[in-house]
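Working notes, structure below.
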There are 2 protein chains.
Amino acid sequence: MGRTSNAKNQLLDAMVLLMWERSYGSLTIDVICEKAEVKKGSFYYFFKSKLDLGIAAMDHVWTQIQPRLDATFSPSRPPLERLARKLQEAYERTQQVAAEHGCVLGCPFFNIGAEISTIEPELADKVNQMLSRFQRYFEATITEAVANGDIPEMDTKEATRILFNLYEGMITQARMKNDPEILKDLPVAAARILRIQQLPEISVA
Amino acid sequence: MGRTSNAKNQLLDAMVLLMWERSYGSLTIDVICEKAEVKKGSFYYFFKSKLDLGIAAMDHVWTQIQPRLDATFSPSRPPLERLARKLQEAYERTQQVAAEHGCVLGCPFFNIGAEISTIEPELADKVNQMLSRFQRYFEATITEAVANGDIPEMDTKEATRILFNLYEGMITQARMKNDPEILKDLPVAAARILRIQQLPEISVA
DNA sequence: CTAATAGATGACTATTTGGTAAAGTAAAGT
DNA sequence: ACTTTACTTTACCAAATAGTCATCTATTAG
């Protein structure tokens, strides 16, 4: 009952895009409303502040990302192949996003986290929560690889932290240099961290 | 001749601090002037905009950082020991800065770069320039380590990129999680990337 | 058909912000 | 002493921005 609307979703979509393409601090309510094609009155009907929308936007983008992660890290393939595919996908998708948006954008969580961690604790918590979820995909993969004997015995939590931070560091560098090619180092880097010669080759498609 | 002043330096110091402790986008001219204890008229006497000061602040902080880097990476010690010391120092200094400022702050260049790369190209260029300078210290060290036979033959440029991005990624995670302990992974991570068992132990002080 | 509900709209206010300019002041040159 | 130079200070304006509210409109339940 009552009037229907998808203004809330338009606001969430616009916020995700703007935070990814620009930054959090550079956004104003007016800019967000314009991008969302929603009037300011409606903004304040659904959200009480930019911070409120920003936090909701992080949950929103996760629901878009999670299915892709589930597919890429699907246990239907052996762990090292999953990892190799993820790293390959990171490179290809970075190129694709750069073509669509005009420049490399990197990881929406990591960028925002680096920006706001000291000034917006609530948003920082939310971002850390999302990054932890993301990291779990790597951890599950590495744990299984050790269990399979695909890689030597090692502290899997430690290896996960190292690989994950490397991954985020490289993607952020790719954004800063606006150069997807930086991500070509990822497979070599992962192999070294996991103490193997190289990750498995992956067949096309 | 004419009236003397150190307002310009106060503005630079304040800007460096604020960009490190907070972010670029959250700063206003008024906030910067208040921190610097300088009136707005003087701000516009020395700088034409926040962007202008931001760029100058990056050069300014480099002049403070460079002597410390020169000391830590001094060729008076063997390369792997230099590296081990740098990673140890990163951990200790992060703790110290956290104690002084109330939270982990990370790398001033990387944080700002991640935040503004898509919206302030001039500042992004300056940040990239500083990061490249920083990276050269790692590259020189790794190159010498290979030449010495301290680590196996490898593509030193590639190894440098990997190690550097890992370093920045970890430091940024430490900021986001407000936890210096994350940096304890650095020596293990470096050893894996450089294909050695472990970095040399370093004596106290 | 009508009332109740959910949302849309636009006009409005108060504040913050970036930016300017004119008058003032300290230091050094002559 | 006084003039020039280099910087400071204050007051000010215009634009941008956050946030509110009364009124309007679409949807559905009864």
Side-chain angles (χ1 to χ4, degrees), chain A residues 1-19 21-60 112 115-116 118-124 126, chain B residues 1-19 21-60 112 115-116 118-124 126:
Chain A
M1 62 169 101
R3 194 169 177 173
T4 58
S5 165
N6 70 325
K8 188 171 182 177
N9 254 285
Q10 287 168 243
L11 284 166
L12 286 167
D13 286 339
M15 189 63 170
V16 165
L17 244 184
L18 288 170
M19 288 173 84
E21 288 183 340
R22 305 189 195 180
S23 72
Y24 179 79
S26 68
L27 304 180
T28 65
I29 310 282
D30 285 328
V31 164
I32 297 162
C33 289
E34 196 183 358
K35 184 88 166 188
E37 293 179 274
V38 158
K39 296 286 149 58
K40 192 152 53 165
S42 294
F43 177 100
Y44 284 104
Y45 182 79
F46 290 108
F47 302 97
K48 72 176 218 289
S49 63
K50 182 174 97 170
L51 178 60
D52 193 30
L53 172 58
I55 291 170
M58 294 294 96
D59 278 318
H60 186 69
I112 297 298
E115 179 188 350
I116 54 75
T118 63
I119 47 183
E120 294 287 13
E122 287 180 77
L123 183 50
K126 178 55 74 176
Chain B
M1 59 169 104
R3 194 167 176 173
T4 57
S5 165
N6 70 326
K8 189 172 181 175
N9 254 285
Q10 287 168 244
L11 283 166
L12 286 167
D13 285 340
M15 188 63 170
V16 166
L17 245 183
L18 287 170
M19 287 173 85
E21 288 182 342
R22 305 189 196 179
S23 71
Y24 179 79
S26 68
L27 304 179
T28 64
I29 310 280
D30 285 328
V31 164
I32 296 162
C33 289
E34 197 184 358
K35 184 89 165 187
E37 295 179 272
V38 159
K39 294 289 149 58
K40 192 153 53 164
S42 293
F43 177 99
Y44 284 104
Y45 182 80
F46 290 107
F47 301 98
K48 72 177 219 287
S49 65
K50 183 175 96 168
L51 178 61
D52 192 32
L53 173 58
I55 292 170
M58 295 294 96
D59 279 318
H60 187 69
I112 297 297
E115 178 189 350
I116 53 76
T118 63
I119 47 183
E120 294 287 13
E122 287 181 78
L123 183 50
K126 178 56 73 176

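Lettering of chains follows the sequences in order, A, B, ..., and the numbering in each one begins at 1. No experiment lies behind these values; they were computed from the predicted model shown.
Residue B:Tyr44 places its side chain closer to C:dG18 than to any other of C:dG18, D:dT8, C:dG7. Picking from D:dT8, C:dG10, C:dA6 the nucleotide with the shortest atom distance to the side chain of A:Lys39 gives C:dG10. When distances run from any side-chain atom of A:Thr4 to the nucleotides D:dT27, D:dT17, C:dA8, the shortest one goes to D:dT27.
Between B:Tyr45 and A:Gly2, the one whose closest nucleotide on DNA chain D sits nearer the 5' end is B:Tyr45. For the pair A:Gly41 and B:Gly41, both in contact range of DNA chain C, the more 5′-proximal nearest nucleotide belongs to A:Gly41. Along DNA chain D, the nucleotide nearest A:Lys48 and the nucleotide nearest B:Val38 are compared for position; the residue whose nucleotide lies closer to the 5' end is B:Val38.
In this structure, B:Lys40 reaches the bases: a heavy-atom distance under 4.0 Å links it to at least one base atom across the strands shown. Within the nucleic acid shown, B:Ser42 comes within 4.0 Å of at least one base atom, counting heavy atoms only. Among the heavy atoms of the strands lying under 4.0 Å from A:Thr28 are primed sugar atoms or P, OP1, OP2 only; no base atom is included.
C:dC1 is paired with D:dG30 under the criterion used here, namely a Watson-Crick or G-U wobble arrangement in which both key atom distances are under 3.5 Å.
Judged by a 6.0 Å distance limit and a 45° cone about the ring axis, A:Lys39 is not positioned over the six-membered ring of A:Tyr45.
Between A:Phe43 atom CZ and C:dA11 atom C1' there is a gap of 19 Å when expressed in whole angstrom units. If you measure from atom CG of A:Leu27 to atom P of D:dA16, you get 17 Å, rounded to the nearest angstrom. Atom P of nucleotide C:dT16 and atom CD of B:Glu34 are separated by 12 Å, given to the nearest angstrom. Regarding B:Ile29, its CD1 atom lies at a distance of 16 Å from the P atom of D:dA16, rounded to whole Å. Whole-Å rounding puts the A:Leu53 CG to D:dG19 P distance at 13 Å. The distance between atom CG of A:Asp52 and atom C1' of D:dA18, rounded to the nearest whole Å, is 15 Å. Per the geometry, CZ belonging to B:Arg3 stands 18 Å off C1' belonging to C:dG29, to the nearest Å. Here the C1' atom of nucleotide D:dA18 and the CD1 atom of A:Ile32 are 11 Å apart, to the nearest Å.
Contact between the side-chain N/O atoms of A:Ser5 and the OP1/OP2 oxygens of C:dA8 is found at a separation under 4.0 Å.
The CG atom of B:Asn9 sits 5.0 Å away from the NE2 atom of B:His60 when rounded to the nearest 0.5 Å. The distance from atom CD of B:Glu115 to atom OG of B:Ser26, rounded to the nearest 0.5 Å, is 7.0 Å.
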Derivation and outcome, salt bridge (charged side-chain N to carboxylate O under 4.0 Å, His left out), residues B:Lys35 and B:Glu21: CA-CA 12 Å; B:Lys35 184 89 165 187; B:Glu21 288 182 342; 3.8 Å; yes
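You'll find the side chain of B:Leu27 reaches within 4.5 Å of the side chain of B:Met15, heavy atoms only.
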